[in-house]
**Student:** 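Have a look at this one.
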Amino acid sequence: SAWKAACWARLGNGAKAMDNFTYAMHNYTTNSLFSICSRAMQVDGSFGMAAAVAEMVLQSHENELTLLPALPESWKDGEVEGLRARGGFEVGLRWQSGRLVSATLLSRNGDPCRVRSAVPLKVTARGRSVSFRRIEPGLIEFRTEAGASYALTAAAR
C-alpha cells in the first residue's frame with residue numbers, strides 16, 4: 001500500500017494516494033504505527049508510507065521542486081517543515097483550503113532553484129524581492145546562495 005500510495009502521488013493523483021494511505025492505516029498498521037505483513041512487524045511499510053506522504057506535498061525530480069503536487073482533498077489546511085529535496089533544498093509548506101499560501105526554501109548548496117506551483121508566486125530573501133525567470137506557466141527559476149532562506153508566497157491574482 002505504501003508503494004501504491006507513492007506511485008499515485010508521483011502521478012499527481014492525491015485521491016488515489018489517499019485511498020491507499022487510508023487502506024494501509026486500517027489494514028496494515030498497528031497502534032504503534034509499525035506496519036505488519038503476514039502478522040509480522042515490518043518497518044519498510046512505515047518508512048514507505050512516510051515517503052508517500054512527503055511525495056503528496058513535495059516532489060523534487062526532473063530538476064524542479066513541485067509544491068503540493070498530489071494534495072488529497074481531505075487535507076484542506078496544513079503545514080509541514082523540514083522536508084529535504086533534491087538539489088540541496090530544505091522545504092517548508094503551508095496551505096489553506098487546498099491552496100498553497102507560503103513556502104520556505106533553505107538553499108544548502110547555492111544551486112539555481114526551479115519551482116512548480118499551481119498558484120503564482122512571489123519570492124523574497126532577507127526582506128527583499130528576488131528576481132526570477134518564468135520558464136512556463138506555473139514554473140519559475142531563481143538563483144540561490146548557499147545558506148540563504150527564501151520565502152515564497154502566493155501572489156495576488
**Student:** Count the heavy atoms belonging to other residues, nucleotides or ligands that lie under 6.0 Å from CG of Asn109, then report whether that count exceeds 12.
**Tutor:** yes

**Student:** Once side chain to side chain contact (heavy atoms under 4.5 Å, CB included) is applied, do any residues pair with Val101, and if so which ones, sequence neighbours excluded?
**Tutor:** Arg94, Gln96

**Student:** Nearest 0.5 Å please: distance from the CG atom of Asn20 over to the SG atom of Cys7.
**Tutor:** 9.0 Å

**Student:** Of the non-hydrogen atoms in Ala9 and Ala52, which two are nearest, and what is the gap between them?
**Tutor:** CB-O, 4.2 Å

**Student:** Is there a continuous path of hydrophobic side-chain contacts, each under 4.5 Å between heavy atoms, that joins Trp8 to Val53?
**Tutor:** no

**Student:** So if you build clusters from Ile, Leu, Val, Met, Phe, Trp, Tyr with side-chain heavy-atom gaps below 4.5 Å, do Ile140 and Leu106 land together?
**Tutor:** no

**Student:** Using 0.5 Å steps for rounding, measure from the CZ atom of Arg114 to the CZ atom of Phe132.
**Tutor:** 14.0 Å

**Student:** Going by the rule side chain to side chain donor-acceptor pair (under 3.5 Å), which residues pair with Arg134 if we only count those two or more places apart in sequence or in a different chain?
**Tutor:** none

**Student:** What pair of heavy atoms forms the shortest contact from Ala17 to Ala5, and how long is it?
**Tutor:** CB-O, 3.5 Å

**Student:** If two hydrophobic side chains count as joined below 4.5 Å and joins carry through other members, does Val57 share a cluster with Trp3?
**Tutor:** no

**Student:** If hydrophobic clusters are built by linking Ile, Leu, Val, Met, Phe, Trp and Tyr wherever their side-chain heavy atoms come under 4.5 Å apart, do Met25 and Met56 end up in the same one?
**Tutor:** yes

**Student:** Could you tell me which residues satisfy side chain to side chain donor-acceptor pair (under 3.5 Å) with Arg84, sequence neighbours excluded, listed by chain and number?
**Tutor:** Glu90

**Student:** Run the side-chain donor-acceptor check on residues 145-154: report pairs under 3.5 Å with partners two or more places apart or on a different chain.
**Tutor:**
from: Tyr150; atom 1: OH; to: Glu145; atom 2: N; distance (Å): 2.8

**Student:** With Leu93 as reference, evaluate Thr104, Leu105, Leu71, Leu68 under the side-chain contact (heavy atoms from CB on, under 4.5 Å) test and give the passing residue.
**Tutor:** Leu68

**Student:** Can you name the residues that form a salt bridge (charged side-chain N to carboxylate O under 4.0 Å, His left out) with Arg128, not counting sequence neighbours?
**Tutor:** none

**Student:** Under the salt bridge (charged side-chain N to carboxylate O under 4.0 Å, His left out) rule, collect the residues that match up with Arg116, sequence neighbours excluded.
**Tutor:** Glu64, Glu136

**Student:** When you compare the side chain of Ser60 with that of Phe89, does any pair of heavy atoms fall below 4.5 Å?
**Tutor:** no

**Student:** For Ala2, give me all partners under side chain to side chain contact (heavy atoms under 4.5 Å, CB included), at least two apart in sequence or on another chain.
**Tutor:** Met49

**Student:** Can you list the residues that meet the side chain to side chain donor-acceptor pair (under 3.5 Å) rule with Ser107, with sequence neighbours excluded?
**Tutor:** Thr144

**Student:** Please collect all side chain to side chain donor-acceptor pair (under 3.5 Å) contacts where either partner lies in residues 65-82, sequence neighbours excluded, each pair once.
**Tutor:** none

**Student:** Quick test of your reading: applying salt bridge (Lys or Arg N to Asp or Glu O under 4.0 Å), list the pairs with at least one residue in residues 46-59, sequence neighbours left out, ordered by first then second residue.
**Tutor:** Arg10-Glu55

**Student:** Can you list every salt bridge (Lys or Arg N to Asp or Glu O under 4.0 Å) pair that touches residues 16-30, not counting sequence neighbours?
**Tutor:** none

**Student:** Taking only residues two or more places apart in sequence or in another chain, which ones pass salt bridge (charged side-chain N to carboxylate O under 4.0 Å, His left out) with Arg86?
**Tutor:** none

**Student:** Is there a side-chain contact between Leu67 and Trp95, using heavy atoms and a 4.5 Å cut-off?
**Tutor:** no

